[in-house]
Amino acid sequence: MKILIVQLILCFTLISCASSKTIIDKPIVFDEARIQLTSEYMSERYGIVKEEPIINPKMIVIHWTAIPTLEGSFEAFEKSTLPNWRPDIKGVSGLNVSTHFLIDQDGKIYRLMPEHLMGRHVIGLNHTALGIENVGGTDETPLTDAQLESNIWLVKYLSDKYDIDYLIGHYEYTNFEDHPLWLEKDDGYRTQKTDPGSDFMQKIRKATKNLNFQPVPN
Ligand SMILES: [Zn+2]
């Protein structure tokens with residue numbers, strides 16, 4: 001009997017090991033310039049003034065990069081300032097886009113920046129949103145089952161760690177325009193998004209149903 005129990009415990013341990021994943025740190029540049037631009041973005045667009053651009057994570061936003069490779073996707077986020085940005089153009093933030101996590105086509109999970117700092121990946125909600133980007137998403141390089149599995153794992157991991165109320169696809173972000181979490185001051189500043197596709201979101205939602213996220217506003 002004792003042996004059987006030991007075997008059972010071992011078996012469960014092995015199963016949980018097999019299904020657990022690792023997060024690989026692959027940091028983008030987060031130097032003084034980026035921290036300063038992030039703080040400026042936070043105060044100018046959201047009216048939040050903090051010594052450090054720290055987020056209060058209540059939401060996870062899923063994206064696709066529409067770039068077919070890990071390195072190409074990483075490069076889009078790597079530098080502190082937007083490509084072709086000129087500091088003399090007033091009113092337009094030069095802060096480059098960024099995301100906390102990037103998941104490759106093979107399902108490997110990379111952390112690009114500290115989880116507690118603000119990334120620039122979703123208008124109106126960056127101050128409260130953790131971002132997960134997925135490599136690919138075009139017809140030529142659709143998102144994969146390995147990515148789906150890793151997104152589900154990562155959503156669970158982050159929900160264990162933080163008090164997350166909402167899980168959304170980037171294409172759903174404007175549904176929050178009248179929500180208390182929405183802080184963007186410029187009504188004209190919007191972009192049209194389709195990532196990461198409603199099918200992909202539906203699958204993640206189904207697998208994370210027991211986390212009881214709140215419904216996306218209509
Ligand atoms: Zn996106």
Side-chain angles (χ1 to χ4, degrees), residues 26 28 34 37-38 41-42 45-46 53 55 57-83 85 92-105 107-113 115 117-144 146-148 150-152 154-155 158 164-177 179 181-184 186 188-205 208 213 216-217:
K26 185 176 171 62
I28 53 174
R34 197 168 200 145
L37 285 166
T38 306
Y41 186 106
M42 223 177 191
R45 312 214 74 94
Y46 301 151
I55 58 167
K58 294 276 170 210
M59 179 183 283
I60 297 168
V61 183
I62 314 279
H63 305 260
W64 65 36
T65 64
I67 299 169
T69 63
L70 175 73
E71 281 314 313
S73 301
F74 180 82
E75 265 172 41
F77 306 121
E78 189 178 13
K79 293 207 173 82
S80 296
T81 52
L82 285 170
W85 175 63
V92 179
S93 173
L95 176 64
N96 195 11
V97 288
S98 58
T99 181
H100 299 86
F101 298 93
L102 177 62
I103 300 180
D104 198 3
Q105 290 256 300
K108 284 206 179 84
I109 303 170
Y110 297 90
R111 179 167 36 218
L112 305 189
M113 55 175 281
E115 289 169 21
L117 293 180
M118 191 181 88
R120 182 180 188 180
H121 59 99
V122 58
I123 291 167
L125 302 162
N126 286 310
H127 63 95
T128 193
L130 287 159
I132 303 175
E133 283 277 1
N134 287 277
V135 171
T138 58
D139 286 347
E140 294 72 34
T141 324
L143 301 187
T144 65
Q147 281 173 309
L148 176 64
S150 293
N151 276 264
I152 292 164
L154 189 53
V155 166
L158 293 171
I164 303 292
D165 292 330
Y166 296 97
L167 168 70
I168 73 164
H170 197 187
Y171 66 90
E172 296 171 303
Y173 83 100
T174 48
N175 288 42
F176 283 82
E177 281 178 349
H179 191 279
L181 283 176
W182 183 271
L183 294 182
E184 172 58 44
D186 182 355
Y189 180 42
R190 301 287 186 274
T191 48
Q192 277 273 321
K193 295 291 174 184
T194 57
D195 64 317
S198 57
D199 187 47
F200 196 70
M201 277 316 291
Q202 220 171 2
K203 287 176 183 161
I204 300 176
R205 285 198 166 113
T208 57
F213 295 121
V216 174

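The basis for the numbers below is simple: all heavy atoms, side chains too, and nothing from hydrogens, waters or symmetry mates. Small disclaimer: the values here were computed from a predicted structure and weren't measured. Both counts, for ligands and for their atoms, begin at 1 and track the order of listing. Heads up: numbering here begins at 1 and tracks the sequence.
- For residue D195, an N/O/S atom approaches the Zn ion (ligand 1) to within less than 2.8 Å.
- Separation of atoms OG (S150) and CD1 (I109) is listed at 4.5 Å; rounding is to 0.5 Å.
- Looking at E172 and K193, no side-chain N of the basic residue comes within less than 4.0 Å of a carboxylate O on the acidic one, giving no salt bridge.
- With respect to Y166, the ring pair (Phe, Tyr, Trp, His ring centres under 6.0 Å) criterion is satisfied by exactly one of W182, F176, F213: F176.
- The Zn ion (ligand 1) does not have H121 among its coordinating residues (no N/O/S atom, backbone or side chain, under 2.8 Å).
- The Zn ion (ligand 1) lies at the vertex of an angle of 90° between the ND1 atom of H63 and the ND1 atom of H170 (rounded to 10°).
- Between the side chain of H121 and the main chain of A129, a donor-acceptor pair closer than 3.5 Å is present.
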